Number of protein chains: 2
Amino acid sequence: MHVPLLQSLSPSSISVIHHQTAHHNLSVYHLRLHHVQRSSSFLTSRGRLSPTRIAHYEDTSSTHLAADRMIENVRFAGDFNLGFLDFVEDHPKIDWVGNCNELNAAYAADGYARVKEGTLGVITTTFGVGELSAINGIAGAFSEHVPVLHIVGVPSTIQQKVKPMLHHTLGDGRYDAYYKAAQQFTISQASLTSKATAAAEIDRVITECVVTARPVYLMLPTDMAYEKISAKRLQTPLHFEPPANDAEVEGFVLDSIVKLVEEAEEDVIILIDACAIRHGVKREVEELYRRTGFPVYSAPMGKTAVNEAYERYGGIYVGSISNPAVKEKVESAKLILSIGALKSDFNTGNFTYHIPTQRTVELHSDITHVQYARYPGLGMKRLLPKLTARLQPFHEGARLLDVPKFKLVVPKEDNEIISQTWLWPRVGQFFRSKDVVVTETGTSTFGVLDIPMPCGSVFVSQILWGSIGWTVGSTLGAAFAARDLGMGRTILFIGDGSLQLTVQELSVMMRWGLSPIIFVLNNSGYTIERYLHGRTRKYNDITNWKWTQLLDTFSSVGAKSKSYTVRTKSELSALLDDPEFAKAEHIQLVELIMDKEDAPRALKVQTELSGLTNKYTA
Amino acid sequence: MHVPLLQSLSPSSISVIHHQTAHHNLSVYHLRLHHVQRSSSFLTSRGRLSPTRIAHYEDTSSTHLAADRMIENVRFAGDFNLGFLDFVEDHPKIDWVGNCNELNAAYAADGYARVKEGTLGVITTTFGVGELSAINGIAGAFSEHVPVLHIVGVPSTIQQKVKPMLHHTLGDGRYDAYYKAAQQFTISQASLTSKATAAAEIDRVITECVVTARPVYLMLPTDMAYEKISAKRLQTPLHFEPPANDAEVEGFVLDSIVKLVEEAEEDVIILIDACAIRHGVKREVEELYRRTGFPVYSAPMGKTAVNEAYERYGGIYVGSISNPAVKEKVESAKLILSIGALKSDFNTGNFTYHIPTQRTVELHSDITHVQYARYPGLGMKRLLPKLTARLQPFHEGARLLDVPKFKLVVPKEDNEIISQTWLWPRVGQFFRSKDVVVTETGTSTFGVLDIPMPCGSVFVSQILWGSIGWTVGSTLGAAFAARDLGMGRTILFIGDGSLQLTVQELSVMMRWGLSPIIFVLNNSGYTIERYLHGRTRKYNDITNWKWTQLLDTFSSVGAKSKSYTVRTKSELSALLDDPEFAKAEHIQLVELIMDKEDAPRALKVQTELSGLTNKYTA
């Protein structure tokens, strides 16, 4: 099935610039640019803007633009793609965004794609130095199923043959080393070395990026950025639907699942995880749980895939770390319909699911498991609507199942210390519909798990990949996406240790007038690590920066920002209740002074589990 | 030939911890630690410090330490090596250094190894997220021949077989993906999965690291960090000498070179480049030029390999970009003895050497070229002393060759603007013997090329790899090395654009009481890029931070630092002449307000050359 891009990927606008002219320029995939220059270079293949080239560009641009579509979060780095950058800056539909470094930009592209579901994140970097600086961010997108297009400006096609000892090379003529590294962390790659195949290659990698929800890698040689190619392929919209399921297998599997539900006497729960979001089946899943009435729970990575205010939603299931009521309900169910699971250590309470395979049906983007049976190629996107239709008749029985409410309770504590136990429900009261809440791996992600979030709000975290510092770039991307989608505030929770990795990106938020609220948990170092190992070790200490000076230091004269240090419960409550603060009209940073050894409940339980299986103690 | 480590690698202390006990622990290669925590994680293979393990360690440590030797700049990151970290923190000869992020740490290890010649830089990171964040720094060390040992804490040997979906994995069971990427950027790799082979593997990669002056990659599984193995191999010191030359070939080549020198009627010059420093032949080269009296020049990457105050040193040769007097002398010589060349674009004035191969002898670490002939395996370390002996008789003729002096001249300008033309010679006057001068790729590196540096001072730059932001981490490592070696001040020149990439590492300098002087060239963005492409483009602009607030913001209360903004020539001269400033007793940052479109001479010439070969203008 071929569908126009804009319709196929809802609700966001996306993806490929369609040119209606007879030819189009290869520099076509972009909208918002995350940019950092790598001013390192003297390159034989480029130089100053020439009149010839400008003319070349103007030939086509005026007619290009009307039909342009967008890929967001493109970001440039340096000399091997400066030429391409001109097209971008001149493009009326592209916002140029300059990042401070490539890793932060990759994080931003990832965060953007997560919030603007169905959209690609796009990052552009330069050969070698730029792309390798970003590679951890790309690998994270691979790990967590986030579609990111990485465009790398590379030396010209001639240089790739001759292999001179250019800057940014390894000095030994291996021009393919970065490509080989990228192959490990992207689902598909293309090098645009031929006019004849370039368009098809671009279409191929973009399609694979969206369909698989994984990063892809596109090499754009300096000379190719200026080539003109036929626009014929652009008459055919790209096809982003997953492949059709085999009808016979699908029918067999549907029968099997219905039979299991019958045998379970309708004592069935639905468990939602990350891939339900990433592979775009949130609406199909909602149909399933609303029409059947089966109780629904979420894994940590699936948090907010389900509207957490829904009356038959029970909260977060994370194995032995779960709230005991949730644990009991999930583990005692006769059948679990698991959707989009990513059963990583942290997402499962250290592999403590007590759910026998015999009682489980797992739906994935490209495979279905029914008990022990595997059905490769049977994807959930097409299976889910049919499953909903078949299970709907069970809804009367399903409604009888009791679902204890996932409640927000702020505990009473008779002191003024901002404890982890008190903090998370208290900020939970501050959250509003449509807020985007980004939490750093560490105490923040653990803390928010126990807090129900309002309808329409979005939880963003990186639980499988777990690269600390990720949230700063990710918040930048998320805030752009939230602005584009007309969502609410973007709120970041991050520890003092994590913020040090990627702090400069605060500057870019201010440059673009974004207005996130950034809570910095100042607990004197790496608290999560203290729980894991080396409670009093020096290696868990950090320098105590002057946190409330950061925004001012990283901004131009006159930029608007506000910073606060908050030491007590009363102070924090007063701030959260201040309507001026809550409006979030400009960027705000709140330093929360907390105890060095305090940690959320879930984190404490997790570390106890880790201790039991600790290989170090042998 | 086997020599004890301390003697084989002069002048630094280095490298392998030798245990005199019957067994030793695998956690053995370290001294100074660059550390960042990645607090992301819940790991089944580790937990809290257990009494068992402490005892285990103490069994051996007391006797280990007496014989310990050192590898510096080790740096840890996070959870898959927290156990190993305990050994390090408890080690009396190890300074623990916490970096803000992994890329900065890799840069620091690189900078450390460059200044402390003959020493390994060591960085330790965690699996996936940590090692990939560092990979651009490792690749740069590969490109520029810097010996860096990268120790990666990885999941336990059992987990590597079972391949659970741990945090920091790609979620698809590919536990070898990071290793495959690392293979592209390291000369040798080892995974310590067996007690039987671990010691030999450690010895092998360290030897290859030092002998080839390239990074190596060592995987340390969590469980293996606590294993005890036989210390027998430690009775045999490692052998870091390059392999012997074939005597017959060597004799033939020496005869050939002598014949060429005779035919050139002693009109011979010596051209020194990067690998003369990296492959440890500075002293051999000095013997050669002093005993023969041949005029000596340096390529940019070889700057300060030769004492720049030496009377027969003529300055920097960089093809068409050279000072015309240098260009004429070098290119008219009848024979050029080139030592340790790395002929990259930027190091050769965009490949504009006008030296015919027929008039060239090239000595490298592992090959010799005589005119068109190649002699693989014939290395310069052993060849040079013999060559010096054979060429010494020519010294009377050689002395007659005139060498125009490489002079420091501060131009008179009738305005107060801090111009590039004026700045570099003026700071040249500020340099002292034993200073370490680090310059960022960009206007700074170009600017310093034309300035002779005092005897014993060291120039540090990254001209082939050219990763901007590198100098901040590198300065941290260089400052540690300078302190260890009893050298002078560490002075960094960096642009406003570059500093934004890696700025947080200033914090680590202060934490350790290092006292570099940091000149920030505030010229409103990426000036080098403006010259290359997009002179007035927005993508070459950056946010103008409040530079003089950085040090205060990134330090704990009470840390000593000073920052200055300097707008005129008089102000800068006064500051440079202030003895308090020049003493550099604590960290100082000097913001230099400069013109957006000003650039050093060499940069302007380079950009003109680039324009001629610009592939973009097609």
Side-chain angles (χ1 to χ4, degrees), chain A residues 35 37-40 42 44-48 50 52 82-83 85 100-101 129 132-133 135-136 139 143 156 165-167 170-171 177 180-181 184 222-223 344-346 441-442 466-468 500-501 503-504 507 511 526 528-529 533 539 543-544 546 549 553 556 606 610-611 613-617, chain B residues 35 37-40 42 44-47 50 82-83 85 100-101 129 132-133 135-136 139 143 156 165-167 170-171 177 180-181 184 222-223 344-346 441-442 466-468 500-501 503-504 507 511 526 528-529 533 539 543-546 549 553-554 556 606 610-611 613-617:
Chain A
H35 169 72
Q37 291 290 87
R38 291 208 150 254
S39 60
S40 46
F42 289 87
T44 53
S45 64
R46 68 183 177 77
R48 287 175 248 165
S50 81
T52 324
L82 284 178
L85 202 51
C100 286
N101 67 39
V129 293
L132 293 179
S133 290
I135 205 166
N136 173 33
S143 172
S156 71
M165 198 190 288
L166 295 182
H167 67 289
L170 295 166
K180 285 183 180 169
Q184 297 299 322
T222 50
D223 53 339
S344 77
D345 49 359
F346 179 22
T441 308
S467 182
I468 69 167
Q500 294 197 347
L501 278 88
V503 64
Q504 52 270 78
S507 167
R511 187 175 185 180
Y526 301 102
I528 185 171
E529 301 284 5
H533 192 93
Y539 58 67
T543 301
N544 189 22
K546 291 166 190 144
Q549 288 178 202
T553 302
S556 300
Q606 173 76 47
S610 296
T613 51
N614 175 14
K615 295 286 184 295
Y616 283 161
T617 57
Chain B
H35 170 72
Q37 291 291 88
R38 290 204 151 256
S39 59
S40 45
F42 289 90
T44 52
S45 65
R46 69 185 177 73
S50 82
L82 284 178
L85 202 51
C100 287
N101 67 40
V129 293
L132 293 179
S133 290
I135 206 166
N136 173 34
S143 172
S156 72
M165 198 190 289
L166 294 182
H167 67 291
L170 295 165
K180 285 183 180 169
Q184 297 299 322
T222 49
D223 52 339
S344 76
D345 50 0
F346 179 22
T441 307
S467 182
I468 68 167
Q500 295 197 346
L501 278 88
V503 64
Q504 53 270 80
S507 166
R511 186 174 186 182
Y526 301 103
I528 187 171
E529 301 284 6
H533 192 94
Y539 59 68
T543 301
N544 190 24
W545 289 357
K546 291 165 191 147
Q549 290 179 200
T553 301
F554 286 148
S556 300
Q606 173 76 49
S610 296
T613 51
N614 175 12
K615 295 285 184 295
Y616 281 161
T617 57

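Just so you know, these numbers use all the heavy atoms, side chains as well, and skip hydrogens, waters and symmetry mates. Since this is a predicted model, take the numbers as computed values, not measurements.
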Do you know the tightest heavy-atom contact between [X] and [Y]?
{"X": "B:Q549", "Y": "A:T553", "result": "NE2-OG1, 2.9 Å"}
{"X": "B:N136", "Y": "A:S133", "result": "ND2-OG, 2.8 Å"}
{"X": "A:I135", "Y": "B:I135", "result": "CG2-CG2, 3.7 Å"}
{"X": "A:R511", "Y": "B:T543", "result": "CD-OG1, 3.3 Å"}
{"X": "A:N101", "Y": "B:L501", "result": "ND2-O, 2.9 Å"}

Once you round to the nearest 0.5 Å, how far does CG of A:D345 lie from CG of B:L166?
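Result: 5.0 Å between the selected atoms.
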
Just how far is it from atom CZ of B:F346 to atom CE of A:M165, taken to the nearest 0.5 Å?
15.0 Å

Check side-chain contact (heavy atoms from CB on, under 4.5 Å) between A:Q184 and all other residues, then give those that pass, not counting sequence neighbours.
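side-chain contact (heavy atoms from CB on, under 4.5 Å) check on A:Q184 returns B:R174, B:A177, B:K180.
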
Partners passing side chain to side chain donor-acceptor pair (under 3.5 Å) against A:Q500 (at least two apart in sequence or in another chain)
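Per chain and number, A:Q500 pairs via side chain to side chain donor-acceptor pair (under 3.5 Å) with no residue.
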
Most chain A-contacting option - heavy-atom pairs closer than 4.5 Å, from B:A139, B:A181, B:S507:
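Most heavy-atom pairs under 4.5 Å with chain A: B:S507.
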
